Number of protein chains: 2
Amino acid sequence: MLTKRQLADFLHKKGYKATPQRLAVYEYLTRTHAHPTAEMLYAQLRHEYPSMSFSTVYKTMGILHELNLVKVINTGEESFRYDADTSRHQHIQCTECGRVEDLYLDLDGIRLEAGRKSRYEVRAQELYFYGVCPECKKEA
Amino acid sequence: MLTKRQLADFLHKKGYKATPQRLAVYEYLTRTHAHPTAEMLYAQLRHEYPSMSFSTVYKTMGILHELNLVKVINTGEESFRYDADTSRHQHIQCTECGRVEDLYLDLDGIRLEAGRKSRYEVRAQELYFYGVCPECKKEA
DNA sequence: CTCTCTGCAAAATTTTTGCACTGCT
DNA sequence: AGCAGTGCAAAAATTTTGCAGAGAG
């Protein structure tokens with residue numbers, strides 16, 4: 001999680017310009033826990049930047065992902081979601097309301113076993129859980 | 001993994017017709033370990049059924065998935081892949097050659113912990129590993 | 001002042017849908 | 001024979017790309 005200024009410096013160091021749009025996209029991502037899709041980002045950022053385009057959202061996400069500043073979340077929905085928390089963590093999605101929440105589990109043991117069994121050199125992993133969130137349980 | 005006849009009976013029991021296309025799609029899936037996409041399925045099945053269409057592949061996968069006869073694999077590529085092995089297992093993808101292989105790990109402990117921490121009623125999980133397969137390691 | 005970036009519109013991809021004809025039961 | 005299913009083409013939906021003008025360094 002970088003501050004606006006830290007992000008600007010980092011972009012410059014990597015040869016990218018620190019445009020207001022890029023800073024706004026990243027800042028919004030650091031502020032929300034909603035794990036938004038490109039569409040949600042676009043809808044929100046339009047308020048501050050009425051001229052904001054999908055193009056810019058997607059291109060910005062491409063750069064942020066390349067620089068390892070965002071995680072791409074792929075729960076199997078139509079669209080990708082994004083998360084500014086790049087620490088090793090997992091996600092759980094409610095099958096009723098669709099919300100996505102963070103989860104912090106230690107998968108070191110599982111990853112080692114996966115490497116041993118598969119003989120792959122394991123470099124990354126993604127773990128998604130699906131179920132019913134406490135609020136949707138109440139309603140049922 | 002059902003035989004052709006078992007699948008035909010199962011489809012009938014569920015009110016679906018056992019068309020040659022459906023049987024061929026499922027049979028091909030049970031024979032391969034390549035975890036094919038709809039496009040790969042279409043390309044292969046065309047040989048036996050020159051008139052086979054994408055429409056039929058997708059509609060068939062929809063039914064097979066609904067009947068829990070196939071797993072949908074979502075490694076974050078452009079397309080979904082499919083697996084006729086519906087037992088609880090995981091997948092690992094080579095980041096060099098793209099192949100997807102099966103992996104059988106016990107995630108009961110992790111799933112329980114996820115339920116405890118999130119307070120969700122956890123119903124399912126998907127775990128993907130990414131790394132370099134033994135063959136691609138040799139080449140490097 | 002230069003060169004990257006934005007924003008628009010068009011393109012590319014994957015998946016879904018409508019509909020007339022086919023063929024399973 | 002009746003009705004679900006196939007296959008074609010068109011539609012939907014998400015993401016990518018080309019390009020002219022805007023703006024960051």
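For clarity, every value in this text was computed on a predicted model and none was experimentally measured. Proteins get letters first, then strands, A, B, ... in listed order; numbering begins at 1 in each.
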Is the backbone N or O of [Y] less than 3.5 Å from a side-chain atom of [X], with the two atoms forming a donor-acceptor pair by type?
| X | Y | value |
| --- | --- | --- |
| A:Thr95 | A:Gly131 | yes |
| A:Lys17 | A:His12 | no |
| A:Thr60 | A:Thr56 | yes |

Nucleotide [N], atom [atom2] - distance to [atom1] of [X] in whole Å:
| X | N | atom1 | atom2 | answer |
| --- | --- | --- | --- | --- |
| B:Glu48 | D:dG7 | CD | C1' | 17 Å |
| A:Phe54 | D:dG18 | CZ | C1' | 19 Å |
| A:Phe80 | D:dT15 | CZ | P | 6 Å |
| A:Asp9 | D:dA24 | CG | C1' | 15 Å |
| B:Tyr49 | D:dG7 | OH | P | 9 Å |
| B:Met52 | D:dG5 | CE | P | 15 Å |

Worksheet item: If you look at every strand shown and take non-hydrogen atoms under 4.0 Å, does B:Tyr16 touch a base, only sugar-phosphate, or nothing?
Response: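 Touches sugar-phosphate only.
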Discussion item. Counting the atoms with a prime plus P, OP1 and OP2 as sugar-phosphate, which does B:Ser55 contact under 4.0 Å by heavy atoms, base, sugar-phosphate, or nothing?
Written reply: base
Worksheet item: Counting just side-chain N and O atoms, does A:Tyr58 come under 4.0 Å of either OP1 or OP2 of D:dT15?
Response: yes
Worksheet item: For D:dC8, does either OP1 or OP2 sit under 4.0 Å from a side-chain N or O belonging to B:Ser53?
Response: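 Checking D:dC8 against B:Ser53, no side-chain N or O comes under 4.0 Å of OP1 or OP2.
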Worksheet item: Taking 4.0 angstrom as the limit, do B:Glu96 and B:Lys137 come out as a salt bridge?
Response: no
Discussion item. Going 5' to 3' along DNA chain C, between which two nucleotides do contacts with chain A fall, using a heavy-atom cut-off of 4.0 Å?
Written reply: C:dC3 to C:dA9
Practice prompt. Taking only heavy atoms on the protein side, list every residue of residues 19-38 of chain A lying under 4.0 Å from any atom of DNA chain D, sorted numerically.
Written response: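 Within this stretch, A:Pro20 sit under 4.0 Å of the strand.
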Worksheet item: With hydrophobic residues grouped by side-chain heavy-atom distances under 4.5 Å, do A:Ile73 and A:Leu29 end up in a single group?
Response: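 Different hydrophobic clusters.
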Item to complete: For A:Tyr120 and B:Glu101, run side chain to side chain donor-acceptor pair (under 3.5 Å): C-alpha distance rounded to whole Å, both residues' side-chain angles, the deciding distance at 0.1 Å, then the answer.
Response: CA-CA 10 Å; A:Tyr120 275 51; B:Glu101 298 188 50; 2.7 Å; yes
Worksheet item: Run the side chain to side chain contact (heavy atoms under 4.5 Å, CB included) check on A:Glu126 and B:Phe129 step by step: do they pass?
Response: CA-CA 6 Å; A:Glu126 297 295 333; B:Phe129 293 96; over 6 Å; no
Discussion item. In the structure I gave you, are the side-chain heavy atoms of A:Leu112 and A:Val122 within less than 4.5 Å of one another anywhere?
Written reply: no
Practice prompt. Give me the ring orientation class for A:His91 and A:Tyr128: parallel if the planes are under 30° apart, tilted from 30 to 60°, perpendicular past 60°.
Written response: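 Ring orientation, 0 to 90° scale: parallel.
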Response to the item:
Regarding the side chain of A:Lys17, the nearest nucleotide among D:dG7, D:dT16, D:dA24 is D:dA24
